[in-house]
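Working notes, beginning with the structure itself.
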Amino acid sequence: MPLYWLIDVSGEEESNEVEIWAISEDEVRVIINDRFNVEFYVQSSNQEEDAKSIKVIEGVKSIESVNKNFKGKSLNLLKISVGNARASDIVEEIRRQCKYLVNIFEDDIRFSNQYIFKKGIIPSSWINLDVVDQGYINGYRTLRLNKIVSVDFQRSYFPQLKILAFDAFFYSQKGSPDPERSSIIAISVVTSDNISKVFVGEEKILVNNFLNFIKEFDPDVIVGFNSNRKIIPFLIERSKRIGLEFSLGRLNSVPRGSVHGHQSVRGRLNIDLYDLAEETPEIKLETLEEFTQFLNLPIEYDTVDEYELAEMWSKDRDRVLKYLIQRARGIFEIYKVVDEYIFSLSQLTCIPADYVLTASTGFRVENYLSKLAVEKNEVIPSRKEVVHVSYLGGMVKSPTPGLHKDIVVLDFRSMYPSLMIKYNISFDTIDPNGPIIVPNSAIRFSDKEGFLPHALKKLIEERRRIREKMDMLPRDSPERIILDARQRAVKVISNAIYGYTGWAGARWYTREIAEVTAALGREIILNAIKKAEELKLKIVYGDTDSLFIKNDKKIDELINWVENVLGLEVKVDKIYKTVLFTEAKKKYAGLKDDGAIEIVGLEAIRGDWSEVAKLAQKEVVEAILKVGVEEGVNVARRHINNLVSQKVPLKQLIIWKQITKSLEDYEATAPHVEVAKKLIGEGWKIQPGDKVGYVIVKGTGRLYTRVKPYFKANLNEIDWNYYVEKQVLPVCMRILEVFGIKESDLKSTLGLTAFFQ
DNA sequence: TGTAGGCATCCATACCTGTCGCT
DNA sequence: AGCGACAGGTATGGATGCCT
């Protein structure tokens, strides 16, 4: 039976036609057609009567009485199958006609999702298909699906995909490019066939050449950076203006806007690495440069910022083109590092690789659970608007300020998932008379395995299996890399299930569950602290599921006690030679036994502080941990002195902050919002999610009147005093005051006192 | 089309209090 | 003495981005 690897599934609900793009084992790109009728379920207090009304509604293909599970109950429902119609129209009619209607389920599950769930297929996987040849369309072999035979779980590798990385520049004299007046000046590409080129010249010819190249190379994957939100929509719009169809997709189709702000490109995977940058916490500014650096890829960029692009284009065209090519190269290389992760995530969540990155964590979890629900005959609840009542979360123990030597960090291994399994916590096991009781809580659970514990066990088992397999493979072997990506994907989903149950937008939102899980977490950590104190262990800090303990033989005893008495796994996560705490929770810095410095929570790692302040704090911390407080003071003085003598480059003075909502929604006046407003007034487009960089300049009055976009400021208007008093000094003092150092200790001796008057 | 809550921190603003000058 | 303007301090809430 031939094997096919699934690229994408799409379809037309009204014509019941499914279009699957796939690659056969011998690497032929094929279109597989199938038919599928959408189904949904109706709960009625008088099935017979309501069935009569439903039967005559146009588009209802069949009705069947079925039993399904719903949150721990068994429900008898009418399964409605839809033919040549839209489910939403039929639902509307049912709401009007059925007198005994109680509820409708699964009418809000997208067509292609239903198909994937109900046929048991898995995107980005190899599947045995029984197909009939139907000839060719535009050179693509077309098949009709007879039967899905089986998913081949054994094959962990992916087919040789044809990859095209691309990027584009648009010309805008002032502000952000706008398809109305800005033209496309260049498009660069780098492909898996090792072609690297840039399309330039007269706009129409340029675009045509690019599209011809696409048609000829025929990539399976199109990868860009910011392609969903900016590049592709611009190219489509601009092409329209100059009388072209931007047919990036197979069968000459133009991309169209799809779910989660994704651009759907027919027959190809359109992947935007910006989505991945956004969800990677280490990447703060979310630029391609930063992403590349984060992955340690040896790619150099001669960066041209957007604000200087137009000028550079007239001054040094080659430099701009060089940078554009470097970008496509960077995008390509990053993709090669992350593709396994993307496909693993796609397989696990059953979201096509195409938009698995644009879907946020909550929707990934939800898709995973939905797929499992169909398998377990559980009805998927409808999405409803509910009012969220927040609840108590994790417990954080205040740290003992100062330097601590030889500190062991004890971690409860995946505490929330473990607790949910241990107490069988789930939306379908809540039972006022259930045998499982929870300490200090009125809520009880039945002992019949719940849906969420089942899901979690499956995930944990899967991860264990993968890691076992991994251990048998040589390091850096391709298979091991794929498995590692897969186990990471599994872990992400598993850890997010607790949070998902407390998310008001979730289909399976059940606040009580999230609440009781968090309460149990607090109970556990408090018990562990109590036991540790009994053992005379010294705890310097703790947060949610971790304890920082002064090293002692008795720690083993504590670990055993937790495992035997509390029934949970704990492990030594790491050991600090020295760790530094201030008064604040969630902030510390440590020197590990391997010599590495770890900074947690402090300003030095926050994206919304100037580089000069971050660097100063980082060096102060390092000096204290490695040398001593005295040296920390010296470092701080040096940095302050640098500012006073105005020797710091402008780039280190930029403060970056995100615009999180549309500007009119801001209640408070804030510096970064004022900058954003100014920029918008000058023709820049700023949307929620964008980051604005600004510096503080000399002047009087409120801070927001003294801000300037970084690219409009120059060094002689900088308010150096601000950077001393509000940036470098406070972050250094935060650390140094722990050791009794006073502000005056940093300012004096350098003859700076006058400067601060 | 937002996993959760806990936390520190900055900034703008409202409010409070005391002082001073003027009548 | 009584009043208002003003300066300076403080409490409060919005906003951001971190931690587990």
Side-chain angles (χ1 to χ4, degrees), chain A residues 108 110 258-262 278-279 281-282 284 355 358-369 383 385 388-399 409 411-412 414-417 492-511 513-515 517-519 521-522 525 541-548 573 582-588 598-609 613 655-661 665-674 688-689 691-692 696 701-707 722 725-727 730-731 734:
Chain A
D108 57 351
R110 278 161 32 92
S258 158
V259 282
H260 312 283
H262 170 253
E278 231 179 348
E279 67 177 83
E282 292 86 348
K284 314 271 183 203
Y355 60 91
T358 48
S360 56
T361 311
F363 291 97
R364 291 180 195 164
V365 171
E366 188 151 282
N367 228 72
Y368 173 77
L369 294 177
R383 202 179 295 288
E385 279 215 11
H388 176 65
V389 181
S390 91
Y391 58 89
L392 282 184
M395 211 269 315
V396 192
K397 190 182 183 319
S398 283
V409 181
D411 250 34
F412 283 83
S414 38
M415 182 192 250
Y416 288 152
V492 167
I493 298 297
S494 156
N495 286 344
I497 285 183
Y498 148 75
Y500 172 84
T501 62
W503 171 37
R507 289 176 187 271
W508 279 285
Y509 170 61
T510 324
R511 205 202 85 246
I513 281 177
E515 190 169 23
T517 308
R522 291 195 302 273
I525 200 92
Y541 178 62
D543 185 352
T544 312
D545 61 355
S546 68
L547 289 175
F548 289 54
D573 188 40
T582 68
E583 303 261 337
K585 295 168 173 179
K586 296 183 187 282
K587 288 169 189 248
Y588 55 89
E598 266 184 9
I599 300 184
V600 179
L602 291 167
E603 287 80 3
I605 57 155
R606 290 178 63 99
D608 56 350
W609 283 81
I655 296 164
W656 292 91
K657 270 199 168 75
Q658 192 182 177
I659 297 294
T660 57
K661 48 190 171 187
D665 290 345
Y666 278 93
E667 288 176 46
T669 322
H672 70 297
V673 181
E674 291 308 302
K691 294 188 159 76
V692 292
I696 307 299
R702 302 261 99 133
L703 199 61
Y704 64 77
T705 62
R706 302 193 280 124
V707 288
Y722 173 85
E725 293 287 341
K726 302 288 182 181
Q727 291 277 325
V731 301
R734 211 104 64 205

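Lettering of chains follows the sequences in order, A, B, ..., and the numbering in each one begins at 1.
With C:dG17, C:dA15, B:dA12 as the candidates, the nucleotide lying closest to the side chain of A:Tyr666 is C:dA15. When each of B:dA12, B:dC11, B:dA8 is scored by its nearest atom to the side-chain atoms of A:Thr669, the top-ranked nucleotide is B:dA12. Here the nucleotide nearest the side chain of A:Arg702, chosen from B:dT13, B:dG5, B:dT3, is B:dT13. Taking only side-chain atoms of A:Glu667, from C-beta outward, the nucleotide of B:dC11, C:dA15, C:dC19 with the closest atom is C:dA15. The nucleotide whose nearest atom lies closest to any side-chain atom of A:Val396 is, among B:dC7, B:dT3, B:dC10, B:dC7. Nearest nucleotide to the A:Val259 side chain, out of B:dA4, B:dT3, B:dT1: B:dT1. In the set B:dA4, B:dC10, C:dA15, B:dC10 carries the atom at the smallest distance from any side-chain atom of A:Trp609. The side chain of A:Arg606 sits closest to C:dT16 out of B:dA4, C:dT16, B:dC11. Closest approach to the A:Lys585 side chain among B:dG2, B:dA8, B:dG5 is made by B:dA8 (side chain taken as heavy atoms from C-beta onward). Of the candidates B:dT3, B:dT9, C:dG17, the closest approach to any side-chain atom of A:Glu603 belongs to B:dT9.
At a threshold of 4.0 angstrom between heavy atoms, the contacts of A:Tyr722 are confined to the sugar-phosphate backbone, with no base atom among them. Counting non-hydrogen atoms under 4.0 angstrom, A:Gly393 reaches the backbone sugars and phosphates but no base. Residue A:Arg522 is classed as having no contact, given no heavy-atom separation below 4.0 Å to the nucleic acid. Within the 4.0 angstrom heavy-atom criterion, only backbone atoms of the sugar-phosphate kind lie near A:Thr660; the bases stay farther away. Contacts of A:Leu602 with the nucleic acid, taken as non-hydrogen atoms under 4.0 Å apart, are absent. A:Val365 comes within contact range of no nucleotide atom at all, as no heavy-atom separation falls under 4.0 Å. Note on A:Tyr588: only backbone sugar-phosphate atoms sit closer than 4.0 angstrom, heavy atoms only; bases stay farther off. Across all strands, A:His262 comes closer than 4.0 Å to no nucleic acid atom at all (heavy-atom distances). Note on A:Ser360: only backbone sugar-phosphate atoms sit closer than 4.0 angstrom, heavy atoms only; bases stay farther off. Nucleic acid contact for A:Gly394: sugar-phosphate only, since backbone atoms but no base atoms lie under 4.0 Å from a heavy atom of the residue. Nucleic acid contact for A:Ile497: none, since no nucleic acid atom lies under 4.0 Å from a heavy atom of the residue. Counting any heavy atom pair closer than 4.0 Å across all strands shown, A:Lys397 reaches no nucleic acid atom.
Put simply, A:His672 has a side-chain N or O that comes within less than 4.0 Å of OP1 or OP2 on C:dT16. Taking side-chain N and O atoms only, A:Lys657 has no distance below 4.0 Å to OP1 or OP2 of B:dC10. A:Arg734 has a side-chain polar atom (N or O) that falls below the 4.0 Å cut-off from OP1 or OP2 of B:dC10. In this model, the phosphate group of B:dT13 is approached by a side-chain N or O of A:Tyr704 to a distance below 4.0 Å at OP1 or OP2. Neither OP1 nor OP2 of B:dT9 sits under 4.0 Å from any side-chain N or O of A:Lys586. In this structure, A:Ser390 does not reach the B:dA4 phosphate: none of its side-chain N or O atoms is under 4.0 Å from OP1 or OP2.
Between the side chain of A:Tyr355 and the backbone N or O of A:Gly261 there is no donor-acceptor pair closer than 3.5 Å. Judged by distance alone, the side chain of A:Arg734 and the main-chain N or O of A:Glu603 form no donor-acceptor pair under 3.5 Å.
When the P atom of C:dG17 is taken as reference, atom NZ of A:Lys587 falls 13 Å away, rounded to whole Å.
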